[in-house]
2 protein chains.
Amino acid sequence: MKIKNVTIAGGGVLGAQIAYVTAFHGFNVTIWGRSEGSIERIKPRIENLHNIFSKELMACPSYIGAENPNYPRSFFKDKNEITNEKIEELKNVNEKIFKEIKYTTDLNEAFSDADFVIEAIAEIVDQKKDFYEKISSYLKEDAIIATNSSTFLPSTFREYTGREDKFLSLHFANSIWRQNLAEVMKHDKTSDEAFESVIEFAKNIGMYPAVIKKEQAGYILNSLLVPFINAGLNLYGNDVAEPKDIDMDWKIGTGSPRGPFEIIDIVGITTVINISKTNPQANDPNSPIAKAIKKLEERAAKGLKGIETGEGFYKYK
Amino acid sequence: MKIKNVTIAGGGVLGAQIAYVTAFHGFNVTIWGRSEGSIERIKPRIENLHNIFSKELMACPSYIGAENPNYPRSFFKDKNEITNEKIEELKNVNEKIFKEIKYTTDLNEAFSDADFVIEAIAEIVDQKKDFYEKISSYLKEDAIIATNSSTFLPSTFREYTGREDKFLSLHFANSIWRQNLAEVMKHDKTSDEAFESVIEFAKNIGMYPAVIKKEQAGYILNSLLVPFINAGLNLYGNDVAEPKDIDMDWKIGTGSPRGPFEIIDIVGITTVINISKTNPQANDPNSPIAKAIKKLEERAAKGLKGIETGEGFYKYK
């Protein structure tokens with residue numbers, strides 16, 4: 001399946017990033033919004049990305065020839081591709097695509113020509129099911145659909161798509177032009193062909209495709225992050241050490257940029273509490289994790305919820 | 001307790017590093033070895049460190065004024081302290097201490113003047129117990145002892161020291177002049193005074209002291225690493241994804257330098273198998289961790305044990 005026309009459904013923060021990066025890599029991009037109101041909310045996000053990409057490209061000459069440049073990974077295959085010619089070429093691309101991305105609320109316009117649909121609408125099961133049912137009659141027979149859902153497995157929705165074998169998950173991080181990770185996850189009815197096409201698509205838009213061969217809640221990243229954060233919380237709940245020392249220990253010991261409590265501040269304490277409560281050990285009030293949840297709840301009650309509130313385990317301006 | 005005279009027992013790789021860094025920071029250092037033969041094995045390690053420090057110091061001028069220099073953290077309080085004057089001063093220190101470190105097999109000479117003893121002998125319980133019993137009669141009443149044991153909790157040995165309240169753990173990483181982490185761990189009979197003295201000592205030799213307020217097997221670092229590696233092994237055992245993709249996902253998603261399988265290659269597959277087998281879930285042959293152990297054992301049988309054998313999940317020259 002040769003993907004050329006890509007439709008992004010939903011233009012939230014991530015939907016807009018996916019759309020922009022996809023267009024930036026030469027695909028024909030249409031953004032579908034539920035209403036005129038939602039289209040009007042999407043356009044400023046795309047304008048903002050246009051500006052961000054302009055600024056990124058302006059900084060790119062300083063990366064030429066640098067030993068270990070921290071460049072936008074989705075812009076260049078590798079650091080050797082960073083040349084003045086390539087930068088100029090990408091500047092033109094950035095101006096061009098900005099004008100060419102199409103917006104529509106019309107299902108026929110959005111979906112009848114699409115080779116590939118990326119669903120990035122709200123994380124509400126019924127809305128997603130309804131969406132898939134609605135678009136299926138417009139789609140070409142061989143069109144592939146991917147959900148960007150963080151929370152739900154693709155098998156939750158596949159029966160509503162009318163094409164279980166051409167349905168899978170494609171999950172992005174944030175700031176995807178820099179954090180160029182795409183988790184590509186099949187379910188047991190996804191065809192190898194559709195799986196390969198989407199892996200290839202992810203590469204073609206400058207992503208590293210992390211190939212997930214069977215359904216896994218949390219994909220790879222959260223499957224590692226949750227136990228890691230849990231291990232930090234166990235030490236904290238058990239009063240073994242203070243968050244700052246746990247973080248510093250991990251950072252010096254492994255060379256990583258952030259320890260568990262700095263990551264908790266990014267994720268937000270409320271989310272971490274909710275995830276931790278699903279841990280069976282949390283039912284025992286004497287368990288380290290239950291004690292940690294209690295301490296987190298006390299902090300949350302004081303408004304120390306992480307970066308979103310300006311202070312968590314650390315202060316943020 | 002003002003620490004001035006420090007005796008390091010055992011001059012293995014880490015014992016030598018601890019001794020050298022301690023001397024480098026102005027303490028009087030004696031290395032005690034069990035026999036003349038062990039002293040002769042220690043001396044080349046100290047010579048090697050003298051050369052390493054010389055080379056490190058020669059590179060230091062290039063760090064002056066750099067935005068994010070990767071300098072030996074135990075040499076300077078912070079990057080602002082990196083000046084030509086300071087570098088020259090440290091070069092002199094390096095030459096001076098190299099000649100001043102004392103070596104002895106004599107218990108009286110090694111321990112009767114020591115304010116602080118760091119035990120870094122073999123990880124054999126009976127040898128350590130025997131050592132503590134032997135030195136206790138030589139020590140000053142107020143001398144503090146720390147064990148660098150990675151494997152054993154301080155309570156395993158405290159009754160043999162004759163000074164439970166002045167005994168605790170002080171655990172170092174490797175290449176401690178760069179990876180400047182010291183995990184300081186008390187047990188429930190360690191006095192606050194001794195605990196504070198050793199935390200202060202760790203700071204004074206340029207370490208970040210990670211304060212561990214109660215006994216914790218694996219200190220902080222391994223308490224985080226083991227569940228993290230276990231999470232990676234669960235994905236691997238369950239055939240969710242390949243090690244390379246799991247590592248890349250973590251690295252791109254968190255900005256960390258190494259994923260779980262790169263860390264397994266450093267730790268060594270044999271050690272990881274042994275640790276994983278202590279996981280209760282490993283008893284169920286259908287569990288992801290049991291399946292992962294089986295795969296690891298197959299790789300180990302082929303000699304793919306990690307960096308030590310030149311190849312693990314990755315190849316090393």
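Just so we're on the same page: letters track the sequence lines, and every chain starts at 1.
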Measure distances from [X] to the heavy atoms of chain B and classify the residue's part below 4.5 Å as side chain, backbone, both or neither.
X: A:Q179; value: both
X: A:I246; value: both
X: A:I266; value: neither
X: A:N180; value: both

Taking every heavy-atom pair that is under 4.5 Å apart, which of B:M185, B:R258, B:E183 has the most such pairs with chain A?
B:E183

Side chain, backbone, both or neither of [X] within contact of chain A (heavy atoms, under 4.5 Å):
X: B:P260; value: side chain
X: B:N238; value: both
X: B:L235; value: side chain

No-hydrogen, no-angle side-chain donor-acceptor test under 3.5 Å, A:Q281 and A:S287
no

Under 3.5 Å side-chain donor-acceptor pair for B:Q17 and B:S175:
no

Side-chain heavy atoms of A:D247 within contact of A:K244, under 4.5 Å:
no

Counterpart residues, ring-ring contact (aromatic ring centres under 6.0 Å, His included), relative to A:F152 (two or more places apart):
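Partners of A:F152 by the ring-ring contact (aromatic ring centres under 6.0 Å, His included) criterion, ordered by chain and then number, come out as A:F157.
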
Under 6.0 Å between ring centres, would you say that holds for B:W250 and B:F228?
yes

